[in-house]
There are 2 protein chains.
Amino acid sequence: MPPEDSQNAAELLKAFSHPTRLAILLELVDGPKCVTDMEEILPARQANISQHLAVLRHAKLVDYAQDGTLRCYYLSRPRLVKDLLAVVERDDPVVKRTPAEIQADKERLAKAKAVTRASKSGREKAGKR
Amino acid sequence: MPPEDSQNAAELLKAFSHPTRLAILLELVDGPKCVTDMEEILPARQANISQHLAVLRHAKLVDYAQDGTLRCYYLSRPRLVKDLLAVVERDDPVVKRTPAEIQADKERLAKAKAVTRASKSGREKAGKR
DNA sequence: TTCAAGTATTCGATTATTCGAATGTATAAA
DNA sequence: TTTATACATTCGAATAATCGAATACTTGAA
């Protein structure tokens with residue numbers, strides 16, 4: 001990941017990291033809903049739901065289509081939302097590693113790096129850009 | 001997703017949603033590192049990195065193995081971290097939907113729900129628990 | 001023992017997030 | 001045109017997150 005991107009990625013993830021917003025996204029996964037529908041389901045007041053929807057809109061995670069006086073919200077990037085939720089729901093086992101394993105890993109890494117450096121400088125000599 | 005779980009999921013995501021913590025996780029994706037290593041790479045002070053590592057530890061995203069005076073951190077749930085980062089890095093195109101599409105979707109959803117209700121009550125009549 | 005290196009924790013100060021209450025706005029029906 | 005419905009926005013107070021500075025802890029070496 002390019003370094004300045006962790007800024008953007010973090011902002012995107014921040015939009016996900018509130019229980020109410022997560023619940024809204026979960027609702028939208030199985031179809032569009034208007035705010036009234038959400039009010040019936042979520043334990044939050046109307047204004048608060050609107051506030052969270054605003055956050056999700058700014059993150060480009062949702063958008064809406066107006067239908068008379070109703071606003072039907074839907075996922076703007078359904079793939080992203082579904083896949084991310086799937087990853088989070090899954091429970092990945094926690095691994096425990098010994099100092100020896102760590103050491104071995106670091107050595108592997110050091111060697112790999114040396115190779116990368118070598119091939120890079122080789123390419124640069126050969127003709128960069 | 002069970003309803004009370006959006007609480008936990010949100011907490012997990014909150015651990016991810018800071019640029020420095022994301023950068024730490026990215027570093028750890030390609031191998032264990034001790035705090036000194038991270039200090040050289042990240043634009044943050046030692047104390048701050050330790051603070052963020054504490055957050056990541058509490059979220060069970062990282063752990064460490066002590067090696068003399070060094071603490072080598074590694075990913076406790078590498079699958080989770082890698083997959084989540086992969087999803088976030090990908091750029092999913094933003095879709096725009098018309099009121100008509102939304103309407104069609106809502107109707108599909110309503111029909112599906114009716115079926116679910118019917119089969120559920122059928123199962124209940126047949127012999128619950 | 002001391003000492004230094006590597007890391008963690010605590011403490012305030014600052015900034016950001018969150019929520020409810022109140023108010024604003026748009027649309028459709030009367 | 002009024003009115004009701006469905007949302008959105010603004011404001012202020014409460015809470016939480018963040019950071020640097022200072023300090024504490026732990027380990028290995030002298």
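All values reported here derive from a predicted model rather than from experimental measurement. In the text below, chain A, chain B and the rest are named by the order of the sequence lines, each starting its count at 1.
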How close or far is atom [atom2] of [N] from atom [atom1] of [X], stated in whole angstroms?
| X | N | atom1 | atom2 | answer |
| --- | --- | --- | --- | --- |
| A/Asp37 | D/dA6 | CG | C1' | 12 Å |
| A/Asn48 | C/dT17 | CG | P | 15 Å |
| B/Leu56 | C/dA8 | CG | P | 12 Å |
| B/Gln51 | D/dG20 | CD | C1' | 8 Å |
| B/Lys33 | C/dG6 | NZ | C1' | 18 Å |
| B/His58 | D/dA17 | NE2 | C1' | 15 Å |
| A/Leu22 | C/dT17 | CG | C1' | 17 Å |
| A/Leu70 | D/dA8 | CG | C1' | 14 Å |

Please lay out, stage by stage, how B/Asp91 and A/Arg77 fare under the test salt bridge (charged side-chain N to carboxylate O under 4.0 Å, His left out). CA-CA 9 Å; B/Asp91 62 335; A/Arg77 292 187 278 176; over 6 Å; no
With a cut-off of less than 4.0 Å, is there a side-chain N or O of [X] near OP1 or OP2 of [N]?
| X | N | value |
| --- | --- | --- |
| A/His18 | C/dA16 | no |
| A/His52 | C/dC19 | yes |
| A/Lys14 | C/dA16 | no |
| B/Arg45 | D/dC19 | no |
| A/Arg57 | D/dT9 | yes |
| A/Arg71 | D/dA8 | yes |
| B/Ser50 | C/dA8 | yes |

Within 6.0 angstrom of A/Arg90 CZ, more than 12 heavy atoms from elsewhere: yes
Do B/Glu39 and C/dG6 have a side chain to base donor-acceptor pair shorter than 3.5 Å? no
Pair of N/O donor and acceptor under 3.5 Å linking D/dA8 base with A/Gln46 side chain: yes
Nearest listed nucleotide, side chain of A/Tyr73, among C/dC19, D/dA8, D/dA21: D/dA8
From the options C/dA22, C/dG6, C/dA8, select the nucleotide whose nearest atom is closest to the side chain of B/Thr36. C/dG6
Restricting to non-hydrogen atoms, name the atom on A/Pro78 and the atom on B/Val95 that form the minimum distance, rounded to 0.1 Å. CD-CG2, 4.3 Å
Position toward the 5' end of DNA chain C (nearest nucleotide), A/Ala47 or A/Asp67: A/Ala47
Measure from the side-chain N and O atoms of A/Glu107 to the backbone N and O of A/Ala104, and report whether any donor-acceptor pair falls under 3.5 Å. no
With no hydrogens and no angle check, is any side-chain donor or acceptor of A/Asp92 less than 3.5 Å from a backbone partner on B/Leu80? yes
Please determine if A/Arg57 and A/Asp63 form a salt bridge, counting it only when a charged side-chain N lies under 4.0 Å from a carboxylate O. no
Of B/Leu28, B/Val62, B/Leu75, the one forming a side-chain contact (heavy atoms from CB on, under 4.5 Å) with B/Leu56 is B/Val62
Could you go step by step and tell me if B/Asp30 and B/Lys82 meet the salt bridge (charged side-chain N to carboxylate O under 4.0 Å, His left out) rule? CA-CA 10 Å; B/Asp30 43 60; B/Lys82 286 176 195 173; over 6 Å; no
At 4.0 Å (heavy atoms only), tell me whether A/Tyr64 reaches a base, stays on the sugar-phosphate, or touches nothing. nothing
Which of residues 97-104 of chain B have a heavy atom under 4.0 Å from DNA chain C? none
